[in-house]
Chemist: 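Take a look at the following structure, please.
Throughout, numbering of the chain's residues begins at 1 and tracks the sequence. What you see below is based on every heavy atom in this structure, not just the backbone, and it leaves out hydrogens, waters and symmetry mates.
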Amino acid sequence: MVKPESSTLRKVICISSCMVVPMVIVMSLYGGLEMCVRTGEWGQLGMIWLTNIPKNFIMALPFQLLIAGPIVRKVFRSAFPVGSVQ
């Protein structure tokens, strides 16, 4: 999908997308568990988890690509200029 000679934008989109997918799956499960602990309805865990995944994905991917990713890259690039880390 991405090769070392691929464009920087393509690498950024691929890495960000690959980070978001497992994070959404795990955090949706965590949210479902939290809801079941509060309500005590453990039979609903699977349905809560499966309905949380698309909702969280719709929010997480654009947030990562448009807001969080660029801010973090700017902060790290200012803290560690190119060529300063060996």
Side-chain angles (χ1 to χ4, degrees):
M1 187 176 215
V2 176
K3 298 176 182 161
E5 61 271 2
S6 296
S7 70
T8 303
L9 180 62
R10 188 173 178 145
K11 290 177 192 176
V12 165
I13 290 172
C14 184
I15 290 170
S16 294
S17 300
C18 288
M19 284 182 352
V20 166
V21 171
M23 203 169 13
V24 162
I25 292 170
V26 171
M27 294 309 291
S28 295
L29 177 60
Y30 177 77
L33 288 170
E34 180 72 25
M35 180 65 121
C36 289
V37 166
R38 289 178 183 247
T39 63
E41 296 185 26
W42 289 95
Q44 296 294 321
L45 178 60
M47 187 56 66
I48 293 169
W49 185 28
L50 291 176
T51 57
N52 281 349
I53 289 173
K55 293 175 196 174
N56 289 338
F57 190 78
I58 288 170
M59 294 303 294
L61 187 62
F63 180 76
Q64 173 64 29
L65 292 175
L66 300 174
I67 299 168
I71 290 172
V72 169
R73 282 190 299 277
K74 180 161 180 59
V75 167
F76 272 83
R77 196 46 56 208
S78 64
F80 307 105
V82 175
S84 67
V85 178
Q86 295 179 5

Chemist: What's the spacing between Cys18 SG and Ile15 CD1 if we round to 0.5 Å?
Modeler: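 The SG atom of Cys18 sits 8.0 Å away from the CD1 atom of Ile15.
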Chemist: Do any N or O atoms from the side chain of Arg77 and from the backbone of Phe80 form a donor-acceptor pair under 3.5 angstrom?
Modeler: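 Indeed, once roles are kept as given, a pair shorter than 3.5 Å links the two residues.
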Chemist: Do Val26 and Ile48 share a hydrophobic cluster, counting only Ile, Leu, Val, Met, Phe, Trp and Tyr and linking them when any side-chain heavy atoms are less than 4.5 Å apart?
Modeler: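 No, it is not one cluster - the side chains of Val26 and Ile48 are not joined through contacts under 4.5 Å.
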Chemist: Just grab all the side-chain hydrogen bond (donor to acceptor under 3.5 Å, both in side chains) pairs involving residues 17-42, residues at least two apart or on different chains.
Modeler: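 Applying side-chain hydrogen bond (donor to acceptor under 3.5 Å, both in side chains) to every pair that reaches into residues 17-42, excluding sequence neighbours, yields Ser28-Asn56, Glu34-Arg38.
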Chemist: If I take atom CG from residue Leu29 and atom CD1 from residue Ile53, how far apart are they, to the nearest 0.5 angstrom?
Modeler: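 So the CG of Leu29 and the CD1 of Ile53 are separated by 8.5 Å.
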Chemist: Give me the atom names and distance for the closest heavy-atom approach of Gly32 to Leu45.
Modeler: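 Heavy-atom minimum between the residues: C-CD1, 3.5 Å.
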Chemist: To the nearest 0.5 Å, what is the distance between OG on Ser7 and CD1 on Ile13?
Modeler: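 With rounding to 0.5 Å, OG (Ser7) is 7.5 Å from CD1 (Ile13).
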Chemist: Tell me whether Leu61 shares a hydrophobic cluster with Val21, the cluster being built from Ile, Leu, Val, Met, Phe, Trp, Tyr side chains joined at under 4.5 Å.
Modeler: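 Leu61 clusters together with Val21.
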Chemist: How would you list, by chain and number, every residue that makes a side-chain contact (heavy atoms from CB on, under 4.5 Å) with Thr8, sequence neighbours excluded?
Modeler: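 Checked Thr8 against side-chain contact (heavy atoms from CB on, under 4.5 Å); matches are Val12.
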Chemist: Calculate, to the nearest 0.5 Å, the distance between atoms NZ and CG belonging to Lys55 and Asn52 respectively.
Modeler: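 Between atom NZ of Lys55 and atom CG of Asn52 there are 6.0 Å.
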Chemist: How long is the gap from CE on Met23 to CZ on Phe57, to the nearest 0.5 Å?
Modeler: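 Those atoms lie 10.5 Å apart.
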Chemist: Are Val2 and Leu9 linked, directly or through intermediate hydrophobic residues, by side-chain heavy-atom contacts shorter than 4.5 Å (ILVMFWY only)?
Modeler: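 Shared cluster, no.
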Chemist: CE of Met19: more than 12 outside heavy atoms within 6.0 angstrom?
Modeler: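 Above 12, so yes.
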Chemist: Answer yes if Leu65 and Ile25 sit in the same cluster of Ile, Leu, Val, Met, Phe, Trp and Tyr residues linked by side chain heavy atoms under 4.5 Å apart, and no otherwise.
Modeler: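 Yes.
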Chemist: Check for me, please, whether Trp49 and Leu33 land in the same ILVMFWY cluster - side-chain distances under 4.5 Å, paths through other members count.
Modeler: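 Yes; Leu33 is reachable from Trp49 via cluster members.
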Chemist: Please round to the nearest 0.5 Å and tell me the distance separating atom CE of Met59 and atom CD of Gln64.
Modeler: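 With rounding to 0.5 Å, CE (Met59) is 13.5 Å from CD (Gln64).
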